[in-house]
Every structure is written in C-alpha cells, then in structure tokens.
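Heads up: the structure comes next, in structure tokens.
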Protein chains: 2
Amino acid sequence: MARSQRKVDSGSEGMGESSTPARGDGSTTRDQILATATRMFADRGFGGTSLQAIADDVGIKKPSLLYHFKSKTVLREKVLEALLERWQAVVPQVMRSATSGERRFEAALSEVVGFFKQDPARARLLMREMLDRPEEMTALIRAHLSHWVMLVTNTIRKGQEEGVIYPDVDPEVYITQSVALILSTIAGSEVVVGILNPPGENKTTRALERSIKEMVRLARYGLFIHPER
Amino acid sequence: MARSQRKVDSGSEGMGESSTPARGDGSTTRDQILATATRMFADRGFGGTSLQAIADDVGIKKPSLLYHFKSKTVLREKVLEALLERWQAVVPQVMRSATSGERRFEAALSEVVGFFKQDPARARLLMREMLDRPEEMTALIRAHLSHWVMLVTNTIRKGQEEGVIYPDVDPEVYITQSVALILSTIAGSEVVVGILNPPGENKTTRALERSIKEMVRLARYGLFIHPER
DNA sequence: CCTACCGATCGGTAGG
DNA sequence: CCTACCGATCGGTAGG
C-alpha cells in the first residue's frame, strides 16, 4: 500500500524551511500529501479517508501529517485550492478558444475535457464536494468561476444574435449542464465503461473515447442550429 | 434532530411479527429505518452516516436497528434494493411512452425526470454509489437496467432508419449521457440553483424548472434532426 | 518529523 | 426492542 517508503535521510540540518525540503523527484512532503489526499478523497470521499491512510501512503506518521496541515478540514481546503489553481491556469487558453465560432467552441470544450481527463480524480472530487458540501461548493464556484461563466454566456448570446445558435438556449443553464455532462462522463467513466463493454474484456480507453465523443456531439447539436458534421 | 420521538406503547403483546408491527401511519419500523437511511446516505454518504444517527432519527436504539438489518452493509444493500424496486415500477410507463416519436420521447424523458424529482435523494444516492462502489453499481445496472437500455437503444435505431434521428448518434452512449444529465441536474440542483440565483433570494423551484427545461431541450436537440419547437 | 497518548465515536455482540 | 459492553479506529495533542 505504501507509496514511497524511502526514509528521508535529511532530518535535522536545521536551516531549510520544513515546507520545502528537497526531494529526489523535486516534490516536497507537502506536495506528496496533497497529491495522495486528492486521490484518496476522490476515490473514497473525505469521510471515507482517514489521516492514517494518507500518512501511510506518503510514508510518514500521522502527527507529521498534522504538522503540515493542522487539521483534516484544512487539508481538504488546501486540496480544493490546489485543484482550482490548476483550473485557473487553463482558463485563459479556454477563453481564447471560446471567443467565437463552432470550431473554436469545440476546441474550448475539449480543453475543459482535457483538464479532467488528465486527472480524473479532479472530476470525482468536485462531484463529491457538490454532494457533500453544496453551500461551500456554490461559494467556491461563485468566487472562481463566475467570471468564466459570464464570458461564455456572452459569447453564446452573441451567437444567438448572429443566428447561428438556437434562440431558445438558456446560456447560463447550458453551461452548467455542459460542465455537469463533462464531470459525470469522466467521474462515472468506470461505470459507463462497464455498461458499454459486455461483461468480458474491458477496452477502457476505447469506451471512454466513445463516451466523450458523444458528449461533445450532444453539446454541439444542442447549441448550433446547423452543426458541422 | 429526532424524527419521531413518540414511544411505541405496544411493546410486548407477543403476537405480531416484529417486522410488521402496526404504526399509526401504517409504516413499520423497518420502513422508517429504510426511509431515514436513504435520506442520510444520500445527504452525507454511506461512510458519513453512523448507525447511531439513523437510530436516533427513527427513535430507537442502535442494537434495535441491527436487529432489523444485521449489518450496516446489509442496510445499504436493502436501501438500494428498495430504490431499484420503485424504479422497476415506473419502467413500464416509461417504455409505453418511449416507443416512438418526439412527443412520446419527451413524455418518457419527463417520466424519468419525475421519478428523481419526486425524491431527489434517489439521484444523490445513485451518484454516490457510482463514486463509492463503481463495480457493484455496474453489476446492479446490468441486472436491473440492461433490458430497459436495450429497448430504448432499439427505438433510437429505428428512428435513425426512418431519418428522424441524427445518424451519428451513438444510441447506448446517448442513453447513459441522458441519464447522467438527469442525475446531475437533480443531484446538483442545490449548487446549480445557487449559481443561477444571484446571492440574494433563492427561487429554488424556478431555477430548478429552468434547469430541467434546458436539460430536456439539450436531450431533444441532440437526438432529433428537426426538433419541434 | 517522531513516540506516546487522549477522549470520542465507530460498527457490532451478548443476553435478555 | 433494550441495557451494557467490546475492540478498533477516528482526529487531534503534548512534548520533544
């Protein structure tokens, strides 16, 4: 079960900040804790993950973990912060793609899909937070995503004025639905793949690609009056 | 916090089966436990719900709960069974609606939506199970839903041959996506409503209706070549 | 970053 | 359906 059992030989030279002790692979203990916690919270949920399990996987003792994050709640907050930071990094690229036109729309969409496909734990984690703490999640989205939502909303409205997007699309709702679709496609991929693949072999990636393709199609056909084929 | 604190005065007349002691409202203790467990598992997750909390809410002691369900795992299984039984009850009606045509498609869709809207805990519960136990969930879906999925798949294929449904729709995947869309719309409604409604007032139902309407539109426009307006 | 330890709570059992 | 109780594990602290 342990992830990196190697003992850290540098234990007491007394001058490095303990939050950034050098590792062979360049990752700090703090980063390792965040990475493990992200994965475990996504897989088993916050309540279903013990600090002990995280500490074991990182290869430290529980009190050491609590030195880096002073409570389990703080750890959860930091995990979410790290996730949202990574998201903020891809937003500009998404926005550049989304400014207009169907081809660009598709590029923007696959940018978002890529963000979650690159690390499916992100999708599962966000979904769990939505279920576990809807109020906090709402606040978080308002703080970090409302600007993005507004921009996309405006782009859709422009498309409606130009007559290329269905006039009865509800832009804001459309966006939330699209994101929900992406999240559940990635987060639920294990189940969907299991349904698509007859009991026997599991061509996981194939079924996932098939799932993503249909999702993008659904998003496009629901938006553009004359979707390109 | 307690739901029904009233003491059951009939404690020892010695002849009724303990699994069906009469209640004023006609529900057995067993049913009350199932109902409370369903709601709590949906709200806080299986791991986040203690048997103590369920027992408190029902108004009995924990060991009494374990008399009705011999372990927490068994309780979870029975909760899911009860949910799937209710689902099986609406399937015939859905199928009758879905046999052909756009109007009928819409009726079938709103039948499914109604099932979850009637008790949103169902959507949250299924979503959590998908995240917590993907393998068991896959098996459960295969056992209880594969027949339904096959029928809808065939209906879509027929529509494609008749030229009313886009030929590039992937029927099986389309169905899973639609269900995912319904589930996340209902299960995530609290968050979505929070996003749609500016910080102040919360016209919950209005925003939810708006969300459901757009969801149905998305499903229709993604399926039919010339959607009726 | 560790050892040693805490009170609280967990799911579950014995026995009536 | 209850009282009484179990060992295990939980998040967290003291102190180094």
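Here the structure is a predicted model, which is why all the values come from computation and not from measurement.
- Contact of A:Lys72 with D:dG12 (side chain to base): no donor-acceptor pair of N or O atoms is detected under 3.5 Å.
- Residues B:Lys72 and B:Thr49 come closest through the heavy atom pair NZ-O, 2.7 Å.
- Residue-level contact check: A:Thr49 touches the backbone only, with heavy atoms under 4.0 Å from sugar-phosphate atoms and none from bases.
- Between C:dC10 and B:Ser50, a contact under 4.0 Å exists linking OP1 or OP2 to a side-chain N or O.
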Enumerate donor-acceptor pairs with a distance under 3.5 Å from any side-chain N or O in residues 79-87 of chain A to protein atoms, sequence neighbours excluded.
none

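- OP1 or OP2 of D:dC1 sits under 4.0 Å from a side-chain N or O of B:Thr29.
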DNA chain C in dot-bracket, Watson-Crick or G-U pairs under 3.5 Å, [ ] crossing, | other strand?
||||||||||||||||
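- Distance A:Leu66 CG to D:dA14 C1': 13 Å, rounded to the nearest Å.
- Side-chain N or O atoms of A:Thr176 include one that pairs as donor or acceptor with a backbone N or O of A:Val173 at under 3.5 Å.
- One cannot find a donor-acceptor pair under 3.5 Å joining the base of C:dG12 and the side-chain atoms of B:Lys70.
- Checking each of A:Leu208, A:Leu125, A:Ile186 against A:Pro120 for a side-chain contact (heavy atoms from CB on, under 4.5 Å) leaves exactly one that passes, namely A:Ile186.
- The main-chain N or O of A:Ser211 is found under 3.5 Å from a side-chain atom of B:Gln177 such that the two form a donor-acceptor pair.
- In terms of heavy atoms, A:Trp148 sits closest to A:Met95 at CD1-SD, 3.3 Å.
- Here D:dT3 presents its P atom at 5 Å from NZ of B:Lys61, a figure rounded to the nearest Å.
- When the side-chain nitrogen and oxygen atoms of A:Ser64 are compared with OP1 and OP2 of C:dC2, one or more of them lie within a distance under 4.0 Å.
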